[in-house]
Protein chains: 2
Amino acid sequence: MAQTPARTLTREGIAAAALVVLEREGLAGLSMRKVAAEAGVQAASLYWHVRNKEELLDLLGDALVADAELPPRTGGWREQYLEYGRRYRALLLARRDAAKVVAGRLTTGPHVLAVLEDQLDRLRAAGFADADAAMAAYLLSAYVQGFVLQEQSPLSAAEAAGASRGQAARAAGDVFRALPAETHPNLVALADDLTDPDMDSRFEFGLQRLADGLAALLRQR
Amino acid sequence: MAQTPARTLTREGIAAAALVVLEREGLAGLSMRKVAAEAGVQAASLYWHVRNKEELLDLLGDALVADAELPPRTGGWREQYLEYGRRYRALLLARRDAAKVVAGRLTTGPHVLAVLEDQLDRLRAAGFADADAAMAAYLLSAYVQGFVLQEQSPLSAAEAAGASRGQAARAAGDVFRALPAETHPNLVALADDLTDPDMDSRFEFGLQRLADGLAALLRQR
DNA sequence: TCGCACCCCCTAACGCCGTTAGGGGGCTAT
DNA sequence: ATAGCCCCCTAACGGCGTTAGGGGGTGCGA
């Protein structure tokens, strides 16, 4: 556990160390002691720079979106909105447990603010009213975060035992198919559809519905 | 801490005790020891009925939707879909930390399955293709869970210090307004819209977009 | 009636956690 | 030189999830 940053600790250095620990151990394994060790320091020293673990996680949440690449400003607002959603999901999937970190957390960190600023700018330029633009932005992040959380949730502990995503999906399908057809006919009939492992398509489906709904709003006002 | 269930422990009794502890202490304060005490038992005894805490939380997640009331089967699919979303959100708001419990958790508990079965039945009856019905159901739960998580997240620790929701919203608005207008013009301009404390309206906005998007899909196929 | 097996809960302990109290080394400014 | 402050240290507290192993109670076969 060599120290990552310079000799003296900073909030940025702590965030960087936390990122390393998160990647290595996951959110459940991220402790103040391990972050401190990664930063070359004792656990109690963190409390000089950070009020508590919650505040450290706020730092981590903002650091996670630090290297977000914004979509190009080409094409219509719809394509840009879709691309925003896709890149946000990709970012959450790229770093271990990122979705769990950012989920219940409304950071006002600089990186988060920069992304939000940019997105609002595009939505207003597209003709959305102020309040609609704000809500459209929240809508997208709520959907993406909710989707990735579901996507990454272990399928009732099935795949925790080393099963691949596809195997787990098949096992989940078996659960549905094994239900009594008198009480749960739809679950039995749609077992394959409900456990389709193509997460990209499932995400895209919802994303297109969101865009369609916003397009209808834009048309009517 | 009187024992809630009968003399001998059951998985249902454990879930009931966990519900009581969750309501009293929140998810962060829910420990195996406290659940055991609530059930009139020692902590280690729980492990006879439950593999680990994760499995206890699965039980809890299913128990949380046990008393869900399904919307009436009147009106069109759209109104029923909207009402599903509203009731799901109300249910997550009704019990402390319910959203955090169910968020990263795909239970196949009996109560969850019953609700899913009913919802799929309505969507198929409305004319949605099998795969579309399955994805529409997932879409709604992803949105509701994501929204409630955001809704309940402390506004950057502002309201943790006893501030009301409205006060916290005003404080968050001040954060946006205090930003330099050259770099963040949209955040400054939309500070009020971004921090509008009327969560019901914000939720309804997204819900209507989802329904509109699904309606467009139904029309085109 | 005895004894055996099995179910279910117990006590005790391990190593980890977040957090706080209080001490002290080393720089900076007087 | 010395006062003061910044920043990290050691040590400890109470609580956590989890496991090992023991032992009462109950029902069943002999």
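If you're wondering where the values come from, they're calculated on a predicted model, not measured in any experiment. Letters go in sequence order (proteins before strands), and every chain restarts at 1.
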- Item | Note: B:Arg89-B:Asp200 ion pair, threshold 4.0 Å (strictly below) |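 Yes.
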The criterion is salt bridge (Lys or Arg N to Asp or Glu O under 4.0 Å); which residues satisfy it with B:Arg96, sequence neighbours excluded?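 Expected list: none.
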Tell me the interatomic distance from B:His49, atom NE2, to C:dC8, atom C1', rounded to whole angstroms.
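Going from NE2 in B:His49 over to C1' in C:dC8 covers 7 Å.
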Rounded to the nearest Å, what distance is computed from the CG atom of residue A:Leu56 to the P atom of nucleotide C:dG18?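 These atoms are roughly 10 Å apart.
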Can you name the ring-ring contact (aromatic ring centres under 6.0 Å, His included) partners of B:Tyr84, sequence neighbours left out?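 So B:Tyr84 forms no ring-ring contact (aromatic ring centres under 6.0 Å, His included) with any residue.
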A:Tyr81: what forms a ring-ring contact (aromatic ring centres under 6.0 Å, His included) with it, not counting sequence neighbours?
->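 Per chain and number, A:Tyr81 pairs via ring-ring contact (aromatic ring centres under 6.0 Å, His included) with no residue.
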**Q.** A:Phe203/A:Tyr143 under ring pair (Phe, Tyr, Trp, His ring centres under 6.0 Å): CA gap, chis, key distance, verdict
**A.** CA-CA 9 Å; A:Phe203 177 74; A:Tyr143 169 61; 5.5 Å; yes
If the condition is side chain to side chain contact (heavy atoms under 4.5 Å, CB included), which residues does A:Asp193 pass it with, not counting sequence neighbours?
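Partners of A:Asp193 by the side chain to side chain contact (heavy atoms under 4.5 Å, CB included) criterion, ordered by chain and then number, come out as A:Leu190, B:Asp130, B:Ala131, B:Ala134.
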Scoring nucleotides 15-20 of chain D by protein non-hydrogen atoms under 4.0 Å (B base, S sugar-phosphate only, - none) yields -BBBB-
Its contact letters, B for base, S for sugar-phosphate only and - for none at protein heavy atoms under 4.0 Å, make nucleotides 23-29 of chain C read -------
- Query: Do any side-chain nitrogens or oxygens of B:Ser45 fall under 4.0 Å of OP1 or OP2 in C:dC8?
  - Reply: no
Presence of A:Trp48 side-chain N/O under 4.0 Å of D:dC7 phosphate oxygens OP1/OP2
yes
Practice problem: Dump the intermediate steps for side chain to side chain contact (heavy atoms under 4.5 Å, CB included) on A:Arg202 and A:Glu151, then the final yes or no. | Solution: CA-CA 10 Å; A:Arg202 271 154 83 159; A:Glu151 173 181 16; over 6 Å; no
**Report entry** Neighbour count above 12 (heavy atom, 6.0 Å) for A:Arg177 CZ
**Finding:** yes
